[in-house]
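Take a look at the structure set out below.
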2 protein chains.
Amino acid sequence: MPKSSLKEQMPSTAFLQDEKDIAILALLQANARITVKEIAEKIHLSTSPVHDRIKRMEANGVIKQYATLVDHNKVNKGLMVICYVSLKAHSKNAGVKFINTINELNEVIECYSISGEFDFMLKVMAANMEDYYNFHVNKLSQIENIGHVQSVFVMGIIKQTHQLVYDR
Amino acid sequence: MPKSSLKEQMPSTAFLQDEKDIAILALLQANARITVKEIAEKIHLSTSPVHDRIKRMEANGVIKQYATLVDHNKVNKGLMVICYVSLKAHSKNAGVKFINTINELNEVIECYSISGEFDFMLKVMAANMEDYYNFHVNKLSQIENIGHVQSVFVMGIIKQTHQLVYDR
DNA sequence: ACTGAAATCTCCATTGT
DNA sequence: ACAATGGAGATTTCAGT
């Protein structure tokens with residue numbers, strides 16, 4: 001069985017139909033407010049199939065969210081810190097409690113469970129160093145069961161995108 | 001001089017006017033396709049000032065992008081890897097060359113210049129381990145002047161948001 | 001700066017191929 | 001599954017306060 005077409009390269013539960021879905025997604029990722037008409041013109045289709053395809057991708061969860069991205073520096077959240085955390089105890093209960101607390105902290109915009117010597121990696125946004133210090137001392141370190149914490153400061157943003165490219 | 005009002009807490013070059021701008025941003029961050037009418041109703045204003053405020057925040061760069069966020073798992077990009085890189089030489093020229101190359105690699109969706117023993121942190125999205133291995137060996141390691149590379153694998157996504165909250 | 005209304009354009013459902 | 005059309009509703013502009 002030859003695996004040449006894009007469709008056959010997709011996972012068994014295919015959420016994308018063909019290259020047209022990918023083209024639509026690429027345009028939407030770059031601009032969530034692009035009109036159906038404009039997409040239709042760019043990919044040489046009429047509006048109805050484009051509309052149908054978008055609704056399908058919304059329904060099956062390929063499209064998670066239409067988000068507005070804000071310039072951190074212009075809204076007084078210009079300091080980004082990558083924060084590594086290890087827990088003292090590793091019971092399931094301890095992990096769940098940590099996760100619940102992290103989800104309530106607005107300064108933490110990302111949190112991942114990771115391989116390596118630490119248990120979690122956090123991306124924290126703060127106004128400045130004083131603001132981050134307060135977060136560190138009064139919020140993060142106060143969480144029950146916290147072991148080690150290590151902060152890595154972001155000095156420059158080289159690249160930041162959400163555009164997933166499907167190049168084959 | 002008392003610092004009580006939100007306006008006075010803002011940086012001297014204020015990009016946000018007042019709490020209404022913040023309320024509008026909060027709604028837009030959660031849903032880039034919300035209608036002006038709907039925003040107007042929620043913050044008890046008519047459509048025109050809401051429209052004007054959005055246009056102003058687009059023009060002054062507070063609003064960077066209206067983006068569509070896609071479910072990585074459903075488009076065959078389910079493996080996230082945090083990648084640390086140090087360069088051999090640290091001349092300005094070497095850094096610029098690295099940065100240019102990184103910007104051409106679609107697998108790299110974020111790249112930061114960081115404090116600590118490594119020079120850069122990358123967030124890489126791949127289909128699976130084989131895909132990541134190919135990226136690592138054939139693309140990342142091939143970049144001129146690359147020193148050490150360390151990969152940290154993301155085993156679970158605990159939290160992932162872009163919503164900046166201004167809680168005072 | 002906000003209100004209210006008028007004009008333009010887009011969406012979305014229906015129909016037809 | 002895609003093209004074309006018309007009514008509903010949104011965006012956008014422009015008066016007035």
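Please read all numbers here as calculations on a predicted model, not as lab measurements. Only this structure's heavy atoms are used, side chains among them; waters, hydrogens and symmetry mates stay out. In what follows, chains are A, B, ... by sequence order, proteins preceding strands, each numbered from 1.
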Grab the N/O contacts between the protein and nucleotides 1-4 of chain C below 3.5 Å, and write none if there aren't any.
| residue | atom | partner | partner atom | Å |
| --- | --- | --- | --- | --- |
| dC2(C) | OP1 | Arg53(B) | NH2 | 3.0 |
| dT3(C) | OP2 | Ser46(B) | N | 2.7 |
| dT3(C) | OP2 | Ser46(B) | OG | 3.0 |
| dG4(C) | O6 | Ser48(B) | OG | 2.5 |

Tyr66(B) OH to dT11(D) C1', straight-line distance once rounded to whole Å: 13 Å
Divergence of helical axes at both termini of the helix from dA1(C)-dT17(D) to dT17(C)-dA1(D) - five pairs an end, 10° steps: 20°
Arg33(B): salt bridge (charged side-chain N to carboxylate O under 4.0 Å, His left out) partners, not counting sequence neighbours: none
Show the atom names and distances, to 0.1 Å, of all donor-acceptor pairs under 3.5 Å that link a side chain in residues 124-131 of chain A to residues at least two apart or in another chain.
| residue | atom | partner | partner atom | Å |
| --- | --- | --- | --- | --- |
| Asn128(A) | OD1 | Glu130(A) | N | 3.2 |
| Asn128(A) | OD1 | Asp131(A) | N | 2.8 |
| Asp131(A) | OD2 | Ala127(A) | N | 2.7 |

Partner residues of Lys20(A) under the salt bridge (charged side-chain N to carboxylate O under 4.0 Å, His left out) criterion, sequence neighbours left out: none
Side chain to side chain contact (heavy atoms under 4.5 Å, CB included) involving Gln65(B) - partner list, sequence neighbours excluded: Leu69(A), Ala67(B)
Heavy-atom closest contact (Ala94(B) atom, Leu87(B) atom, distance): O-CD1, 4.3 Å
Side-chain hydrophobic cluster, 4.5 Å single linkage: members besides Tyr133(A): Val137(A)
Pairs under 3.5 angstrom, nitrogen or oxygen only, protein versus nucleotides 15-17 of chain D, please.
none

For residues 36-47 of chain A, run the donor-acceptor check on the side chains, cut-off 3.5 Å, and write out each pair with its distance to 0.1 Å, sequence neighbours left out.
none

Length of the line joining His51(B):NE2 and dT11(D):P, which is rounded to integer Å: 8 Å
Integer-rounded Å distance: dT11(D) C1' and Glu58(B) CD: 12 Å
Inter- and intrachain pairs under side-chain hydrogen bond (donor to acceptor under 3.5 Å, both in side chains), touching residues 85-102 of chain B, at least two apart: His90(B)-Asp119(B), Lys97(B)-Glu144(B)
Full working for side-chain hydrogen bond (donor to acceptor under 3.5 Å, both in side chains) between Tyr112(B) and Gln160(A): CA-CA 8 Å; Tyr112(B) 305 106; Gln160(A) 214 174 23; 3.0 Å; yes
Test item: side-chain donor near acceptor, Glu19(B) and Tyr166(B), under 3.5 Å: no
Interface with DNA chain C, restricted to residues 23-40 of chain A and to heavy atoms under 4.0 Å: Thr35(A), Val36(A), Lys37(A)
Closest non-hydrogen atom pair between Phe153(B) and Leu79(B), with its separation: CD2-CD1, 4.4 Å
With Lys55(B) via salt bridge (charged side-chain N to carboxylate O under 4.0 Å, His left out) - residues at least two apart: Glu58(B)
Test item: Ser151(A) side-chain N/O and Cys83(A) main-chain N/O as donor-acceptor pair under 3.5 Å: no
